[in-house]
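Here's the structure we're looking at; comments come further down.
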There are 2 protein chains.
Amino acid sequence: MAQRHRDTAYAPQAGPPAVVLDGAPAGPAPLGALSAGEVVSGYLHEQASTFLRALSQSAQGDDDGAAAGLLLRRSARRIGATLHTYGTLTDPGWADPLRTELGWLSSALAHEHQHAARLARLLSALHRLASEPDPQARDGDHPDDSDDPAPAPTKGSAAGTQGPLAVGAARAGALLERQLTLARTRAHSAALQSLGSSRFHAVADAVAVLASEVPLAAAADAPATVRLPPLAEAAHRRLAEAAAALPLARAGHPYNADAVRAALGPELTSDLQDTPWHRARTLLRLSRYAAEVCPPDEPYFEGAAGSRDTGENLRDRLKDAARLLERHREAAESANAVAAAARTPRIAPATAYALGVLHADQRQEVEAARFAFARLWQRTPLPQPTTATVPGSR
Amino acid sequence: MAQRHRDTAYAPQAGPPAVVLDGAPAGPAPLGALSAGEVVSGYLHEQASTFLRALSQSAQGDDDGAAAGLLLRRSARRIGATLHTYGTLTDPGWADPLRTELGWLSSALAHEHQHAARLARLLSALHRLASEPDPQARDGDHPDDSDDPAPAPTKGSAAGTQGPLAVGAARAGALLERQLTLARTRAHSAALQSLGSSRFHAVADAVAVLASEVPLAAAADAPATVRLPPLAEAAHRRLAEAAAALPLARAGHPYNADAVRAALGPELTSDLQDTPWHRARTLLRLSRYAAEVCPPDEPYFEGAAGSRDTGENLRDRLKDAARLLERHREAAESANAVAAAARTPRIAPATAYALGVLHADQRQEVEAARFAFARLWQRTPLPQPTTATVPGSR
């Protein structure tokens, strides 16, 4: 079952294309006989190169610019996460400020995309809510758990018979489109401003340093097999602890109605409820990126009690889990956008009604994402290596 | 596994109390060597006696009156169902009109209770939607799938901090309370009027005939073991066919979002979507009552290919299935009541918003009931007896 790791040296240039679409190395990167600093430097070089390449493309046209923006955010997140997880291996006086600046940058660049995605999600949901399914014809097709494709219009759809509900739905859609397009435009201007700022140029300069030489600490001289696994393990453990604190048993019970509970509660109630899940999402991301540097199919992980999974398998499932918590965040933030739209003065009752239905629908999506995550996570907890069985751990 | 049926004669007076709370005989009623007419008459005698006893109590105080009203409706439904399923055994010129009148009566008596139950359900849901759960403290408790108990107020509940959403929820509650209390009061008057009408007295007279002697057809002279199973089987088959036509594969997939799809659709969309489920509910009821007359642990059912269940077990699960489809109906009708309230002219946007959330919540309950039914039904299809293996079937 367990995939043997190859004893080849870490060689980003020699292997398959080092950067694939999602920014992760295409194959596992065995630690071999390299030092911890060499492995971390190799990973950071790669990400820094992606960042700089994306930067030079980001000034181009709309589509290319958007793709470049995505790569820019992805590599910025990976560099920041690596400086965080493997922070003891780099010069702290240099790494810590850069990490803060990378966080600022990826946040500044993400907003435009987030507003656009939120609007698309909400308009698609409104369309779905105003459509009539033909249950007989579609039974046997399991509804897709993943992203909502825009459903094809069915007979009897809102467009056909304009009842008062359909009018409300159309008005709610127009209101959301107005508000989220405005927010998107503002975020676009802010992103352009960020990219032209001296603050951004300082970040780009620091990343350019990473692309050639990473300022390392003395601890980075130790062998990678000794130094990296405990740091990766610490990242996984923080995630495992945060996930264990989530109400997974309840969330794994379908139709528990927990997420919608907050829909008419006091302001911030749903935020309070969502926060631990958002935190797990952040830690999951750190854990995934940590595993890209120090892949979990190393002997360290094979010694894990109870885990018979190959690293590949685990990595896939962490990616699935990340996708679900990302869906959770999108649904939660979309519900917040709907609640904000409902606070617009002087909206018609029909509009408010449609927004209420849409809000509850998005909270339902929050619940569905929690359900799917709970099921996946309870089937796939992280390997829990026993430090005693790990050769060479601190 | 299979419980052997006792060869005692059918003797309602000699056995355990013939009528228990839900109106079903306490134990299985083996067909023995009785004629079909004797078995059906025995069951109808019993139900007619319950009806007449409940009638004499229904004039009493509120609580006793409500309990008597429940028994009245239950026995009326069972008599009507028996005259339907086993109709070939009774005098059709007499049974068919009585069946129609019993349908009118149980419907006339049910409305008051339904409006009250709907209001309680919606106020409880509003309370739930405006409350904040403490997920950490409650994990491990699986949420109850059965009826909603009114949740205890939690800290941070809407009563504590009156935000705009809580105000909307309170107003929506007041609006629903006004409308459903009015509907309930009207239904109460209508029920009283029905009970005093000459039409009702004619029904009561016909039921009194049933309590002493059932007008039978010639076919009723045949042995019960020959005549009853095919009729009961036909009722089960109608249910099985209606259930097989439901989109159970989709419904059994959690969070399919099918039921809420209609929430902003054209008027009547959700009714169209719900109708096949309501029909299955009616047929399930007929099937259950048919099994009370001709219990499924008879040899007829034991011969069913693939079914290793005892009749007792099957009866319990049919009851569970009926409870789920009843919950489906209540949630669907509650959602309709919310939609009707939202059409009230000049309501505030905050009220409309809360009604929208509540509507989607109730459609979610519809979906949850379908999910639970689909799971139960796919685990418990009705036994499918092969006519070839049944001794003595027509």
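Just so it is clear, the structure is predicted and the values come from calculations on it, not from any experiment. Numbered from 1 within each chain, the chains take letters A, B, ... in sequence-line order.
- Counting only residues at least two apart or on different chains, no salt bridge (charged side-chain N to carboxylate O under 4.0 Å, His left out) pair has a member in residues 166-178 of chain A.
- The CG atom of A/Asp258 sits 9.5 Å away from the CZ atom of B/Arg128 when rounded to the nearest 0.5 Å.
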Please set out all donor-acceptor pairs under 3.5 angstrom arising from side-chain atoms of residues 351-359 of chain B, sequence neighbours excluded.
from     : atom 1 : to       : atom 2 : distance (Å)
B/Tyr353 : OH     : A/His359 : ND1    : 2.3
B/His359 : ND1    : A/Tyr353 : OH     : 2.3

Evaluate the side-chain hydrogen bond (donor to acceptor under 3.5 Å, both in side chains) criterion for residues B/Tyr255 and A/Gln364: first the C-alpha distance (whole Å), next the side-chain angles of each, then the deciding distance (0.1 Å), finally the verdict.
CA-CA 8 Å; B/Tyr255 298 106; A/Gln364 200 56 41; 4.7 Å; no

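- Checked against side-chain hydrogen bond (donor to acceptor under 3.5 Å, both in side chains), B/Arg370 has the following partners two or more places apart in sequence or in another chain: B/Gln273, B/Asp274, B/His328.
- Distance check: A/Asp361 CG to B/Asp361 CG gives 12.0 Å after rounding to the nearest 0.5 Å.
- Atom CZ of A/Arg329 has more than 12 heavy atoms from other residues, nucleotides or ligands within 6.0 Å.
- When all heavy atoms of B/Leu129 and A/Val260 are compared, the pair lying nearest together is CD2-O, 3.4 Å.
- Close approach to chain A, defined as a heavy atom under 4.5 Å from one of its heavy atoms, is seen in B/Val338, B/Ala339, B/Ala342 of residues 334-343 of chain B, taken by number.
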